[in-house]
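Right, one structure below, let's go through it.
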Amino acid sequence: MARVTILMATRDPGPELRDQLESLAAQTHRDWLLIVGDDSRTDAAHNVLAEFARSHDVQIVRGPRISAGGNFLSLLQGIDSAQQDFLAFCDQDDVWLPDRLARGIAALGEGEAALYCSRTWVCNADLEDQHLSVRHTRPPSFRNALVQNIAAGNTILLNPAGAELAISAARELQVAPRHDWWLYQLFTGCGARVIYDAKPTVLYRQHGGNAEGANVKIRAKLSRLGRMLSGDWRCWIDDQCAALTASAHRFTPENQAIFDRFKRMREAAFSTRLKEFARLRLYRQSRATTLALWIGAVFRRI
């Protein structure tokens with residue numbers, strides 16, 4: 001049976017942590033190790049995790065106290081790149097469906113580097129009012145990854161070769177980007193397989209403490225558009241580009257060229273920017289959000 005290392009980032013979790021741990025224990029795939037980076041200001045999370053560790057394979061390390069993404073990247077950097085485990089990412093407040101690991105392992109196999117991700121059941125803090133996350137119908141690619149993340153971090157699973165790629169690339173980083181978006185960009189940039197599963201594998205809680213929201217309701221989408229126009233989105237892409245630059249030597253020649261053109265396009269004057277943007281053929285997963293990309297290009301917000 002394949003071994004899975006599960007990386008969890010915690011910061012002052014509430015009672016939802018116990019639900020998440022119970023869902024790990026209920027996985028149909030039982031051969032796993034949980035490594036937790038704890039950024040908490042109190043011992044509450046450590047006590048819950050220590051209790052869980054009495055009957056399960058758990059390691060607890062001190063987190064870097066930068067951000068959730070920084071915590072996950074710190075965990076990645078601390079793993080032996082030669083390890084042969086599958087690698088999963090776990091939020092502190094979700095609930096995994098019982099086949100979360102088994103389904104991903106079956107889809108990935110143990111060949112060339114590959115990343116698995118899936119839809120989620122988006123729900124409230126009580127795990128009620130469940131509805132499916134948006135289904136992405138356009139293929140995963142680097143042209144998509146540069147401007148959109150379709151790999152929800154709480155559903156990502158890497159096969160052993162993919163884990164080696166992620167660990168090695170994480171050690172090249174000087175900044176801490178959004179780790180799940182970075183992984184999607186890294187894998188597509190390197191020409192690795194990205195498997196998007198339309199079947200959900202996680203109950204994704206939405207509550208006041210979410211580091212990132214599911215972005216599925218109209219209000220959330222309008223808020224995201226407002227943040228793009230205000231310049232926040234451009235700052236996010238700045239961070240992602242800085243991180244990707246450190247590992248761009250790993251990209252396929254075609255994607256290295258796309259990345260270089262993308263960076264030049266972002267800084268170009270108006271007419272040149274729009275011409276190069278059109279030539280790059282970047283896309284998001286819907287027509288409406290791809291149109292928003294054009295608006296971003298016009299106003300230099302990407």
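The ring of Trp32 has its center no closer than 6.0 angstrom to the ring center of Phe86.
Here CD1 of Ile302 is found 11.5 Å from CD1 of Ile295. Values are rounded to the nearest 0.5 Å. Within the model, atoms CZ of Phe277 and CG of Leu293 stand 4.5 Å from one another, a figure rounded to the nearest 0.5 Å. In this structure, CZ on Arg261 lies 15.5 Å from CZ on Arg266, to the nearest 0.5 angstrom. The line from CD1 of Ile79 to CG of Leu7 is 4.5 Å long, rounded to the nearest 0.5 Å. Summarising the geometry, atom CD belonging to Gln185 is positioned 6.0 Å from atom CG belonging to Leu146; distances are rounded to the nearest 0.5 Å. In this structure, CG in Leu244 is found 7.5 Å from CG in Leu186, a value given to the nearest 0.5 Å.
In this structure, the side chains of Lys263 and Thr245 come closer than 4.5 Å at one or more pairs of heavy atoms. Leu165 is not listed as a side-chain neighbour of Leu158, based on a closest heavy-atom distance of 4.5 Å or more. Side-chain atoms of Phe251 and Ile258, non-hydrogen and from C-beta on, never get closer than 4.5 Å to each other. In this structure the side chain of Thr155 never reaches within 4.5 angstrom of the side chain of Asp197, judged on heavy atoms. Looking at Arg138 and Asn144, their side chains never come closer than 4.5 Å, going by heavy atoms from C-beta outward.
Screening residues 161-176 for salt bridge (Lys or Arg N to Asp or Glu O under 4.0 Å), with sequence neighbours left out, gives Glu172-Arg250.
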Worksheet entry | Verdict with reasoning, Asp12 to Arg41, per salt bridge (Lys or Arg N to Asp or Glu O under 4.0 Å) | CA-CA 7 Å; Asp12 301 322; Arg41 292 163 292 186; 2.6 Å; yes
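Contact check on Glu267 versus Arg234 returns a salt bridge, with a Lys/Arg side-chain nitrogen under 4.0 Å from an Asp/Glu carboxylate oxygen. Of the charged side-chain nitrogens involved, none lies within less than 4.0 Å of a carboxylate oxygen, so that Glu112 and Arg193 do not count as a salt-bridged pair.
Note on ring orientation: taking the six-membered ring where Trp is involved, the planes of Phe142 and Phe259 are perpendicular (angle over 60°, cut-offs 30° and 60°).
With hydrogens and angles ignored, the 3.5 Å screen pairs a side-chain donor or acceptor of Asn255 with a backbone N or O of Thr188. In this structure, the side chain of Arg273 engages the main chain of Ala268 through a donor-acceptor pair within 3.5 Å.
Side chains of Asp99 and Thr28: a donor-acceptor N/O pair is absent below 3.5 angstrom, by distance only. Judged purely by distance below 3.5 Å, without hydrogens or angles, the side chains of Gln20 and Ser23 pair a donor atom with an acceptor atom. Checking Tyr204 against Asp91 by side-chain atom types alone, no donor-acceptor pair falls below 3.5 Å.
No more than 12 heavy-atom neighbours from other residues, nucleotides or ligands sit within 6.0 angstrom of CZ on Arg62. The neighbour count for His56 NE2, taken as heavy atoms of other residues, nucleotides or ligands under 6.0 Å away, is above 12.
Under the 4.5 Å side-chain heavy-atom criterion for Ile, Leu, Val, Met, Phe, Trp and Tyr, Val58 and Val95 are members of distinct hydrophobic clusters.
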